[in-house]
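To find a chain, count down the sequence lines: A is the first, B the second, and so on, and within it residues start at 1. FYI, side chains are in, hydrogens and waters are out, and symmetry mates aren't considered; it's all heavy atoms of this structure.
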Protein chains: 2
Amino acid sequence: MRQKKSALASVTVLERLRAAGLRPTRQRLALAKLLFARGHRHVSAEQLFNEARGQRVDVSLATVYNALHDFTGKGLLREISIDSSSSYFDTNTGNHHHFYFERTGRLEDIASDQVSISALPSAPGGAEISRVDVIIRVKA
Amino acid sequence: MRQKKSALASVTVLERLRAAGLRPTRQRLALAKLLFARGHRHVSAEQLFNEARGQRVDVSLATVYNALHDFTGKGLLREISIDSSSSYFDTNTGNHHHFYFERTGRLEDIASDQVSISALPSAPGGAEISRVDVIIRVKA
DNA sequence: CCTTAATTTAGAATTATTCTAAACTGCTTG
DNA sequence: CAAGCAGTTTAGAATAATTCTAAATTAAGG
Ligand SMILES: [Mn+2]
Ligand SMILES: [Mn+2]
Ligand SMILES: [Zn+2]
Ligand SMILES: [Zn+2]
C-alpha cells in the first residue's frame with residue numbers, strides 16, 4: 001500500500017512535469033515529489049535543498065534554484081517575497097492569501113473566500129493587474 | 001522665500017528627529033530632509049544614498065542603512081519587502097496599501113479607504129496582527 | 001572646555017541568489 | 001540501437017544587498 005502510493009505519486013509527478021513541458025529528470029522528479037506529494041507547502045530554496053539532502057537525493061543547490069524557477073515559470077509554483085532575506089515558493093497557485101508569522105517566518109494560507117476585497121482601485125492607465133497579494137503579518 | 005522654506009523644513013526635520021529621540025546629526029538631518037521635505041516617498045537604501053551623493057551630502061552607505069533602520073525603529077518610516085532584490089522604505093507610515101509596477105519596480109500608494117477588506121480571519125491562536133499589506137501587482 | 005555615549009565610517013564579512021562553462025542525460029532520428 | 005543534440009546539472013566563482021567590526025568623530029551635558 002505504502003509502496004503503491006509512492007509509485008502513484010511518482011507517476012502523477014512525472015505526468016505533471018511532462019504536461020508542463022519540463023523534462024522529468026531524476027532531480028526534478030525528486031524535488032517535485034517533495035513539493036507536491038502531500039498538501040500545499042511554502043518552502044525556501046535552502047529548505048528544499050536540505051530536505052532533499054536529508055532523503056539522500058543527490059542534487060546541487062543550483063539545481064534546486066533552477067527547478068524552483070522553472071516550476072514557477074510553468075505555473076506549478078508561485079514565488080512570494082515577504083521578508084527580504086529570502087523568497088518562498090508556494091505550491092498553491094490558486095487565488096489565496098497569507099498569514100505571515102514574523103517570529104518564525106512561516107506562511108499559512110488563507111482561502112480567498114475568507115477575505116473579501118471590495119472597491120479595488122483600477123490600475124493607473126488601465127494597466128493589467130497580474131496579482132493581488134494580501135499578507136496579514138502576525139506577531140507570533 | 002525659497003531660503004525660508006528650506007530653513008523651515010530643516011527646523012521641522014530637526015524637531016522630528018528630536019521628538020523621536022534621535023540625535024540630529026548632520027547626516028540624519030540631510031537624509032531626513034531628502035526623505036520628508038516633500039510628499040510621501042518609497043526609496044531603497046541605494047537610491048537614497050545616490051540622491052544624497054548627488055546633492056554633495058557626504059555620507060556613507062552604512063550610515064544610510066543605519067539611518068533608515070533607526071528611522072524605521074522610531075516609527076518615522078515603514079519598511080516594505082516586495083521584490084526580494086531589495087527593500088523599500090516608505091515615508092507614509094499611516095494605514096495604506098500599494099500598487100507595485102513590476103517592470104519599473106515603483107510603488108504607488110493606495111489610500112486605505114480605497115480598499116475595503118472585509119471578513120479578515122482572525123489570526124490563529126488569537127495572535128496579534130501587526131500589519132495587513134495589500135499589494136496590487138501591475139504588469140507595466 | 002571635558003567627558004562620555006552615540007554616531008559615523010571604511011572596508012571586510014555575510015548571505016541569498018545568479019552565472020559560467022564544462023560534463024551529463026533524456027529524447028529523437030536514422 | 002547508435003549517435004547527436006538540446007536541455008539539464010553542477011562545482012565553483014561571481015554578484016549584490018545588507019550587516020558587521022573596530023576605530024575615529026561628534027553631539028550633548030555638566
Ligand atoms: Mn527568483
Ligand atoms: Mn532591514
Ligand atoms: Zn500559499
Ligand atoms: Zn506607501
Are any of A:Tyr65's side-chain N or O atoms less than 4.0 Å away from OP1 or OP2 of C:dT18? no
Using a cut-off of 4.0 Å on non-hydrogen atoms, how would the nucleic acid contact of B:Ser44 be classed: base, sugar-phosphate, or nothing? nothing
Whether each nucleotide of nucleotides 8-14 of chain D has a protein heavy atom under 4.0 Å at its base (B), only at its sugar-phosphate (S) or at neither (-) is summarised, 5' to 3', as SBBS---
Exercise: do B:Glu79 and B:Ser87 side chains pair donor with acceptor under 3.5 Å: yes
What is the separation between atom CG on B:Asn50 and atom C1' on D:dA17, rounded to the nearest whole Å? 13 Å
Minimum-distance nucleotide (side-chain atoms of A:Ser87 versus D:dT18, C:dT17, D:dT19): C:dT17
What integer distance in Å separates B:Asp83:CG from D:dA16:C1'? 13 Å
To the nearest angstrom, how far is A:Leu17 atom CG from C:dG26 atom C1'? 13 Å
Between the main-chain N or O of A:Gly94 and the side-chain N or O of A:Arg78, is there a donor-acceptor pair closer than 3.5 Å? yes
What is the distance, to the nearest angstrom, from the NE2 atom on A:His69 to the C1' atom on C:dA16? 11 Å
In terms of heavy-atom contacts, A:His97 and A:Asp133 come closest through ND1-C, 4.2 Å
Pair B:Phe71-B:Leu22, side chain to side chain contact (heavy atoms under 4.5 Å, CB included): steps then yes or no: CA-CA 8 Å; B:Phe71 292 1; B:Leu22 293 166; 3.6 Å; yes
Side chains of B:His69 and B:Phe89 in contact at under 4.5 Å (non-hydrogen atoms): yes
Among B:Leu107, B:Thr72, B:Asp109, side chain to side chain contact (heavy atoms under 4.5 Å, CB included) partner for B:Asp90: B:Asp109
Could you tell me how far apart B:Leu31 (CG) and C:dT7 (C1') are, to the nearest whole angstrom? 13 Å
Give the rounded distance in Å between these two atoms: CD of A:Gln47 and C1' of C:dT17. 16 Å
D:dT18 P sits how many Å from B:Leu48 CG, rounded? 12 Å
Classify the angle between the aromatic ring planes of A:His98 and A:His42 as parallel (below 30°), tilted (30 to 60°) or perpendicular (above 60°). perpendicular
Distance check needed: D:dA16 P versus B:Phe49 CZ, whole Å only. 16 Å
